[in-house]
Amino acid sequence: MFDVAKVRSQFPILSREVNGKPLVYLDNAATTQKPQCVIDSLVEYYTQYNSNVHRGAHALADQATRSYEGARESIARFLNAQSSCEVIWTAGTTEGLNIIARGMSQQLDAGDEIIVSELEHHANLVPWQQACKYAGATLKIAPIDENGALDVDAFAALLTERTRLVSIAHISNALGTINPIKTLATLIKANRSDTLFVVDGAQGIAHGDVDVQALGCDFYAFSGHKVFGPTGVGVLWGKESILKDWPVWQTGGEMIQSVTYQDATWNVLPGRLEAGTPNIADAIALGTAIEWLATQDLEGMRLHEHALIERAHELSATIDGMRVFGRAPERIGVLSFTLSEGHPADVGFLLDKQGIAIRTGSHCAEPLMGRFGVTATARASFSIYNTLDDVDALFEGIKKAQRMLG
Ligand SMILES: Cc1ncc(COP(=O)(O)O)c(C=O)c1O
């Protein structure tokens with residue numbers, strides 16, 4: 001039996017009040033809360049061994065380097081990467097995707113094609129638009145159906161001899177749809193074995209095991225803050241065979257092998273893609289977050305989150321004037337909705353007054369909102385520590401908001 005109370009007790013923020021009410025935190029797709037061990041990891045670094053990595057000749061630098069590289073190894077294990085040199089530290093998903101898009105723009109020819117889907121976050125759309133503009137390539141958009149599920153047949157029909165790269169979200173932040181990554185990988189590689197397959201793992205990473213080898217992709221990018229770790233740090237995983245020659249994107253210290261006044265040669269992985277002093281404390285704390293997640297009952301977590309979203313869908317059917325976006329058969333705990341009584345921003349405001357934190361707006365997915373004929377939705381997103389009581393509180397809050405708006 002999944003013990004949600006035990007999980008909750010490890011997140012100090014969950015016991016605070018907001019606007020005089022117990023906090024009901026339902027904005028997990030925007031950012032997750034942090035368990036005490038992650039907070040302790042940051043404090044320990046700064047109070048016990050704050051130092052630069054890879055270059056110091058003293059005990060603190062040695063401890064920092066071991067913890068920092070240990071975190072990389074923890075993440076490589078969690079992802080089932082073939083080697084820890086495939087784990088590149090970034091500032092987050094956005095940076096990871098931009099590293100690939102920037103490098104790709106140098107490799108595309110006019111007339112080449114990139115495919116994304118209709119449900120992408122701007123971070124997995126705009127970089128590819130820019131790469132295509134730079135190279136004269138074409139961006140194709142794979143459609144979703146009314147429930148927010150990817151139309152796999154339509155996706156397959158978009159693959160051609162010119163498809164150089166596909167980039168798809170593992171899970172949609174706005175609809176909660178889980179995309180069939182393995183199926184897509186099979187289709188992509190059967191069409192052309194050297195087409196690169198990038199997965200935007202910003203939402204995928206916190207909702208189950210991510211085995212990059214089993215998924216069959218070439219790159220997987222995620223952010224620390226969406227998986228119980230700190231902001232400002234993330235990971236770009238890529239196959240060593242591809243990353244080892246990937247165009248360098250920042251130059252300077254750490255990423256070089258040797259330098260003359262006229263020229264320089266590049267370091268081996270992972271250093272060649274990590275210029276300058278890294279975000280040491282946050283990388284170490286992200287390692288702690290991933291180790292923490294790895295010790296949780298991941299199957300229990302999935303079932304628990306499924307029960308939360310099922311309850312939310314059940315209750316939504318009892319609310320007049322509530323429109324729910326995203327009913328794909330495979331989905332996580334994201335409830336995107338509008339109320340006929342008022343704008344999502346007003347709904348968010350009134351819920352906040354009751355201590356309930358949700359997100360409102362376009363969720364950085366403006367074209368997707370347009371696809372459904374709206375400019376914004378309200379979004380409640382659940383995580384491992386949410387309870388059925390939280391879902392009930394949300395719906396009590398929604399009914400109250402309706403009365404106030406109506
Ligand atoms: C699906 C998806 N992709 C990319 C991102 C961008 O992540 P970050 O802002 O942490 O770089 C997000 C953030 O919400 C997301 O949900």
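Ligands are counted one by one from 1 in listed order, and the atoms in each one are counted from 1 as well.
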Quick check on contacts: which atoms of ligand 1 are under 4.0 angstrom from a heavy atom of [X]?
X: His225; value: 10 (O)
X: Ser223; value: 7 (O), 8 (P), 10 (O), 11 (O)
X: Asn173; value: 1 (C), 16 (O)
X: Gln203; value: 1 (C), 15 (C), 16 (O)

Report task. Out of Arg359, His121, His122, indicate the one that has the non-hydrogen atom closest to atom 5 (C) of ligand 1. Result ->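 Among Arg359, His121, His122, the closest heavy atom to atom 5 (C) of ligand 1 comes from His121.
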
* **Option set Thr90, Leu125, Asp200, Asn124, criterion heavy-atom distance to atom 1 (C) of ligand 1, minimum** =>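 When every heavy atom of Thr90, Leu125, Asp200, Asn124 is considered, Asp200 comes closest to atom 1 (C) of ligand 1.
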
Calculate, to the nearest 0.5 Å, the distance between atoms [atom1] and [atom2] belonging to [X] and [Y] respectively.
X: Tyr220; Y: His170; atom1: OH; atom2: NE2; value: 5.0 Å
X: Asp200; Y: Glu120; atom1: CG; atom2: CD; value: 6.5 Å
X: Leu286; Y: Ser41; atom1: CG; atom2: OG; value: 9.5 Å

Does [X] approach ligand 1 within less than 4.0 angstrom via side chain, backbone, both or neither, non-hydrogen atoms only?
X: Lys226; result: side chain
X: Ala169; result: neither
X: His363; result: neither

Is there any N or O on Thr94 that sits under 3.5 Å from an N or O of ligand 1?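 The answer is yes, given that Thr94 and ligand 1 share an N or O pair closer than 3.5 Å.
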
For the student: nearest non-hydrogen atoms of Asn386 and Asn28, plus distance: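 Distance-wise, the nearest heavy atoms are OD1-ND2, 3.0 Å.
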
* Using modelled atom types only, decide if a donor and an acceptor are shared between the side chain of Arg331 and the backbone of Gly148 within a distance under 3.5 Å. =>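 Looks like no, no N/O pair under 3.5 Å.
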
Check whether more than 12 heavy atoms from other residues, nucleotides or ligands sit under 6.0 Å from atom CD of Glu310, and answer yes or no.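 Enclosed.
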
Exercise for review: Assess whether atom CD of Glu366 is packed by more than 12 heavy atoms of other residues, nucleotides or ligands within 6.0 Å.
Suggested key: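 At most 12 heavy atoms, drawn from other residues, nucleotides or ligands, come within 6.0 Å of this atom.
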
